[in-house]
Enquirer: 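My questions will all concern the structure given below.
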Amino acid sequence: MTRSKVRVRFAPSPTGPLHIGGVRTALFNYLFAKKHGGTFILRIEDTDSTRFVSNAEEYINESLAWLGLTVDEGVKEGGPFGPYKQSERKAIYKQYANLLLERGWAYYAFDTPEQLDALRAQCEAEKRTFAYDISTRTSLCNSLSLGDEETQRRISAGEPYVIRFKMPENVLVKASDLVRGDVTFNTNTLDDKVLYKSADELPTYHLANIVDDHLMEITHVIRGEEWLPSVPLHVMLYRAFGWEETMPQFAHLPLILKPSGKGKLSKRDGDKDGFPVFPLEYTSPEGEVASGYRESGYFPEAVINLLALLGWNPGTEQEIFSVEQLAEIFTIERVNKSGARFDPEKAKWFNHQYLIQKSDAQLAALFMPLLEQKGIAVDSQKLQTIVGLVKERVNFVSELWEQTHFFFEAPTAYDDKVVQKRWKDGVPAFMLQLADLLNEQPDWTVEALKHAASELISSNGQNFGNIMNALRLALVGGSFGPDLFTIVELLGKDETIKRIRAAVETIK
RNA sequence: GGUCCCUUCGUCUAGGGGUUAGGACGCAAGAUUUUCAUUCUUGAAACAGGGGUUCGAUUCCCCUAGGGACUGCCA
């Protein structure tokens, strides 16, 4: 039943960018493989020639690479079970479809999509549901109703056809799922799914998936819950092929829901709710751009971490984990059953956690390019100091600018509320006095500065708090920023005095 | 509509026959910060409803309700 070495696959179809639900599936497969010393396989399921998107496969590769989910076997990596792209395995599927035909598990069908659509529409109008199944197949256009001779004639004449699975009557299909336990279906409620289409000589997902999982010796199928209804079909396929003994174990992951809770997160939900649903920014062949986590300033470690905790938890109160740690403690048993809403706020918090873990030097290096873009040159050591002052209050590197801009640019405007409150009679004159005092300071350090300023303030009968605020206003333009004398120290004597005098002249 | 899955604070979740139902995000208050933030403390906030089983159910069973997925020659 079980093979010794764990082999799991992530099998996306290249129909567009991977979204974070898919990324989470990839992650869980990866973690499971690492945990068991197994193999993580990337298989490209490009069996829908009509939905193929040219840059999608590359996008998938780049996304996994950015997140550090190393693929062991795949299109790029190669491996003993290739090819790993389904469009390159056409001959294999045809052969297995034929096998099913020979064994009476499948049949040819000639109904056109248009005919079937019409039938569905008609049934709907009559408030019935159309299904291509045991109840309707004998009255439809297929080898079962047409007979061998006519079927062969049509095929020889080049008439397009599909091969459908002949779902048997009244079989109770029981499958055990690693996260849900036993699930049971009756085949009477299932229809005859298309397995193969002559039009592009490609199988559909169902056939390709079973054949490949078998041939690639996949031991565990870890995928999204949207696949749960296909389980009985898949089990029946394994049975039809005679592969039930080595059938992989299933684990259906809970869906990631939209923040609203209404429905599973989809590719369309991204930018409209103000958070990315894609790992990387994606530009469609048509030129449409969708934002990505990377470009939004998320660290890959944070994305991994937040995704890992969506639908899984370690059972402890720890929430911050490296991939390595996750790979050690991950178990399917601790995967939840119910869907998890994606919470953009918590996503930011995760990024914050990783941001504050970074050293000032690392953050300065990440921040430096943003400053260079603005044409600001700053000494790396000084930038490290500045960044260290404010990193606790930001979630993203990009937010560093709004917390530190006053270190690089003198204020051009002054917060009106603060002006009303702090810039009262006598304050401007006193500020000038303060500037003169600072100008004479030999020891330009936080402590000395603070000491000198407070002496001047008290000897002039001024209110310390008010003057501090007024000085802050003059230096940064409002009531924000880190410790005031730290700002003064970093700004330096000339700049500090310049800003005080500019404020006195500007604020009326 | 049919099939299947799910249901603990607003959200992510722990727990599991007897608990003050725990943590995190977010939110609020207080303390500290002579400013902003951080930090610390505190607070509000949940077992969907109804039946069983049981000495005792949030926990086990059933039903109802609600939510979700699937229902394609898509994956």
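In what follows, chains are A, B, ... by sequence order, proteins preceding strands, each numbered from 1.
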Enquirer: Roughly how far apart are A/F350 CZ and A/E319 CD, rounded to 0.5 Å?
Expert: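 Rounded to the nearest 0.5 Å, the CZ-CD separation comes to 5.0 Å.
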Enquirer: Taking atom C1' in both B/rU20 and B/rA45, compute the distance separating them and give it to the nearest angstrom.
Expert: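 Per the computed distance, 15 Å lies between those C1' atoms.
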Enquirer: Taking atom types as modelled, is there a side-chain donor on A/Y93 or A/D212 under 3.5 Å from an acceptor on the other?
Expert: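 There is such a pair between these side chains.
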Enquirer: Does B/rU7 pair with anything, Watson-Crick or G-U wobble, both distances under 3.5 Å, and if so, with which nucleotide?
Expert: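 Result: B/rA65.
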Enquirer: Across all strands, who's sitting opposite B/rG18 as a Watson-Crick or G-U wobble pair, both distances under 3.5 Å?
Expert: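 Pairing partner: B/rC55.
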Enquirer: Rounded off to whole Å, could you give me the CD-to-P distance for the A/E345 and B/rG26 pair?
Expert: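 Taking atom P of B/rG26 as the reference, CD of A/E345 is at 7 Å.
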Enquirer: How many Å lie between CZ on A/F165 and P on B/rG72, as a whole number?
Expert: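 Rounding to the nearest Å, CZ of A/F165 and P of B/rG72 are 17 Å apart.
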Enquirer: Of all the choices, B/rC73, B/rC12, B/rG22, which nucleotide is nearest to the side chain of A/T112 once you look at every atom?
Expert: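 Within the option list, the nearest is B/rC73.
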Enquirer: Can you identify which nucleotide, out of B/rU34, B/rG22, B/rC73, has its nearest atom closest to the A/E317 side chain?
Expert: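 Given the options B/rU34, B/rG22, B/rC73, the side chain of A/E317 is closest to B/rG22.
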Enquirer: Quickly work out the A/L202 CG to B/rC74 C1' distance and round it to whole Å.
Expert: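 In whole Å, B/rC74 C1' and A/L202 CG are 13 Å from each other.
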Enquirer: What is the nucleic acid contact for A/G263, judged by heavy atoms within less than 4.0 Å: base, sugar-phosphate only, or nothing?
Expert: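 The residue A/G263 makes sugar-phosphate contact but no base contact.
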Enquirer: Output the rounded distance in Å from CG (A/L449) to P (B/rU34).
Expert: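 The distance from CG of A/L449 to P of B/rU34 comes to 16 Å, rounded to the nearest Å.
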Enquirer: Please check if the side chain of A/D46 supplies one atom and the backbone of A/F52 the other of a donor-acceptor pair under 3.5 Å.
Expert: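 Between the backbone of A/F52 and the side chain of A/D46 there is no qualifying donor-acceptor contact (under 3.5 Å).
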Enquirer: Can A/E399 and A/K348 be counted as an ion pair, charged N to O under 4.0 angstrom?
Expert: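 Result for this pair is no, no salt bridge flagged.
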Enquirer: Base, sugar-phosphate alone, or nothing: which one does A/D200 contact when heavy atoms must sit under 4.0 Å apart?
Expert: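 Answer is nothing: A/D200 stays at 4.0 Å or more from every strand.
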Enquirer: Determine the contact category for A/R164: base if any of its heavy atoms lies under 4.0 Å from a base atom, sugar-phosphate if only primed atoms, P, OP1 or OP2 are that close, otherwise nothing.
Expert: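 Answer is sugar-phosphate: A/R164 comes under 4.0 Å of backbone atoms only.
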Enquirer: Determine, step by step, whether A/R239 and A/V235 satisfy the side-chain contact (heavy atoms from CB on, under 4.5 Å) criterion, reporting the C-alpha distance in whole Å, the side-chain angles of both residues, the deciding distance to 0.1 Å, and the verdict.
Expert: CA-CA 6 Å; A/R239 199 169 289 179; A/V235 171; 4.0 Å; yes
Enquirer: Does A/K127 reach a base, just sugar-phosphate, or nothing at all? Heavy atoms under 4.0 Å.
Expert: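 No contact.
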Enquirer: Is it the case that more than 12 heavy atoms not belonging to A/E126 sit under 6.0 Å from its CD atom?
Expert: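 More than 12 heavy atoms, drawn from other residues, nucleotides or ligands, come within 6.0 Å of this atom.
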Enquirer: Kindly confirm or rule out a cation-pi arrangement of A/R24 over A/F28, judged by NZ or CZ under 6.0 Å from the six-membered ring centre and within 45° of its axis?
Expert: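 Yes - A/R24 lies over the ring of A/F28, closer than 6.0 Å to its centre and within 45° of its axis.
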Enquirer: Distances under 3.5 Å between protein N/O atoms and the N/O atoms of nucleotides 48-50 of chain B, please, pair by pair.
Expert:
none

Enquirer: Just checking A/Y108 against A/Y161, ring centres under 6.0 Å apart?
Expert: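 Yes, ring centres under 6.0 Å apart.
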Enquirer: Taking the six-membered ring of A/Y132, is the NZ or CZ of A/R164 close enough (under 6.0 Å from the centre) and on axis enough (within 45°)?
Expert: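 So A/R164 does make the cation-pi contact.
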Enquirer: Does a side-chain N or O from A/T50 land closer than 4.0 Å to OP1 or OP2 of B/rC74, or not?
Expert: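 No, no such contact exists.
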Enquirer: Does a nitrogen or oxygen in the side chain of A/N313 sit under 4.0 Å from OP1 or OP2 of B/rU13?
Expert: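 Result: no.
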Enquirer: So what's B/rC27 paired with, Watson-Crick or G-U wobble, going by both distances under 3.5 Å?
Expert: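 Per the H-bond distance test, B/rG43.
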Enquirer: The test is salt bridge (Lys or Arg N to Asp or Glu O under 4.0 Å); show your working for A/E225 and A/K264 and say whether it passes.
Expert: CA-CA 10 Å; A/E225 193 195 320; A/K264 69 170 174 176; over 6 Å; no
Enquirer: Could you check how far CG of A/D46 sits from P of B/rC73, rounded to whole Å?
Expert: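 Taking atom P of B/rC73 as the reference, CG of A/D46 is at 19 Å.
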Enquirer: With the threshold set at 4.0 Å, does a side-chain nitrogen-carboxylate oxygen contact exist between A/K346 and A/D343?
Expert: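 Looking at A/K346 and A/D343, the cut-off is not met.
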Enquirer: Answer with base, sugar-phosphate or nothing: what part of the nucleic acid does A/A199 contact at a heavy-atom distance below 4.0 Å?
Expert: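 Nothing: the residue A/A199, judged by heavy atoms under 4.0 Å, touches no strand.
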Enquirer: Looking at every strand, decide which applies to A/R223 at a 4.0 Å heavy-atom threshold: base, sugar-phosphate, or nothing.
Expert: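 The answer is nothing, as A/R223 stays clear of every strand by at least 4.0 Å.
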Enquirer: May I ask you to say what A/V194 touches in the nucleic acid, namely base, sugar-phosphate or nothing, with a heavy-atom cut-off under 4.0 Å?
Expert: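 If one applies the 4.0 Å heavy-atom cut-off, A/V194 turns out to touch the sugar-phosphate alone, with no base involved.
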Enquirer: Considering only B/rC25, B/rA75, B/rG15, which nucleotide approaches the side chain of A/D48 most closely?
Expert: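 Nearest to the side-chain atoms of A/D48, counting from C-beta on, is B/rA75.
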Enquirer: Measuring to OP1 and OP2 of B/rC70, would you say a side-chain N or O of A/K264 lies under 4.0 angstrom away?
Expert: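 Result: yes.
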Enquirer: Under 3.5 Å between N/O atoms: give me all the protein pairs with nucleotides 36-40 of chain B, atom names plus distance.
Expert:
from   : atom 1 : to     : atom 2 : distance (Å)
B/rC36 : O4'    : A/S479 : O      : 3.1
B/rC36 : O2     : A/R393 : NH1    : 2.3
B/rC36 : O2     : A/R393 : NH2    : 2.9
B/rC36 : O2     : A/G481 : O      : 2.6
B/rA37 : N3     : A/R393 : NH2    : 3.4

Enquirer: Taking atom types as modelled, find out whether A/N55 and A/Y282 have a side-chain donor-acceptor pair closer than 3.5 angstrom.
Expert: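 Yes, side-chain donor-acceptor contact under 3.5 Å.
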Enquirer: What integer number of Å spans the P atoms of B/rA57 and B/rU64?
Expert: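 Nearest-Å result for B/rA57 against B/rU64 at atom P: 23 Å.
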Enquirer: Short question: side chain of A/N170, backbone of A/N188 - any donor-acceptor pair under 3.5 Å?
Expert: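 No, the answer is negative, given that no donor and acceptor are paired below the 3.5 Å cut-off.
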Enquirer: Roughly how far apart, to the nearest Å, are B/rG18 and B/rG22 at atom P?
Expert: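 That atom pair is separated by 15 Å.
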Enquirer: Let me confirm one number: the OG-CD distance from A/S135 to A/E169, rounded to the nearest 0.5 Å.
Expert: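 If I round to the nearest 0.5 Å, the distance is 10.0 Å.
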Enquirer: I'd like the C1' distance from B/rU3 over to B/rG10, given in whole Å.
Expert: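 After rounding to an integer number of Å, I get 32 Å for this pair.
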Enquirer: What is the nucleic acid contact for A/G311, judged by heavy atoms within less than 4.0 Å: base, sugar-phosphate only, or nothing?
Expert: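 Sugar-phosphate, no base atom in range.
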Enquirer: Within this structure, what is the CD-to-P distance between A/E226 and B/rG72, rounded to whole angstrom?
Expert: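 These atoms are roughly 16 Å apart.
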Enquirer: Scan nucleotides 1-10 of chain B against the protein and return all N/O pairs shorter than 3.5 Å with their distances rounded to 0.1 Å.
Expert:
from  : atom 1 : to     : atom 2 : distance (Å)
B/rC5 : O2'    : A/R180 : NH1    : 2.6

Enquirer: Would you check if there is a donor-acceptor pair between the side chains of A/R9 and A/N29 at a distance under 3.5 Å?
Expert: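 Distance-only check fails for A/N29 and A/R9.
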Enquirer: Say we look at B/rA65 and B/rU13: how far apart would their C1' atoms be, to the nearest angstrom?
Expert: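 The same atom, C1', in both gives a distance of 24 Å.
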Enquirer: Return whichever of A/L255 or A/Y205 has its heavy-atom-nearest nucleotide of RNA chain B closer to the 5' end.
Expert: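 By nearest-heavy-atom nucleotide position, the 5'-most residue is A/L255.
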Enquirer: Work out how far the P atom of B/rC12 is from that of B/rA46, and round it to whole angstrom.
Expert: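 After rounding to an integer number of Å, I get 16 Å for this pair.
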Enquirer: Please give the distance between the P atoms of B/rG1 and B/rU53 as a whole number of Å.
Expert: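 Straight-line distance between the two P atoms is 33 Å.
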Enquirer: If I pick the P atom on B/rC60 and the same atom on B/rU7, what distance separates them, to the nearest angstrom?
Expert: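 Result for the P pair: 10 Å, nearest Å.
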Enquirer: Please report the distance, rounded to the nearest Å, between CG in A/N469 and C1' in B/rU33.
Expert: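 Whole-Å distance recorded here is 12 Å.
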Enquirer: Whole-Å distance between B/rC74 P and A/H19 NE2?
Expert: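 It is 20 Å, rounded to the nearest whole Å.
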Enquirer: Would you please confirm or rule out a distance under 4.0 Å between OP1 or OP2 of B/rU13 and any side-chain N or O of A/N336?
Expert: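 Yes, within the criterion.
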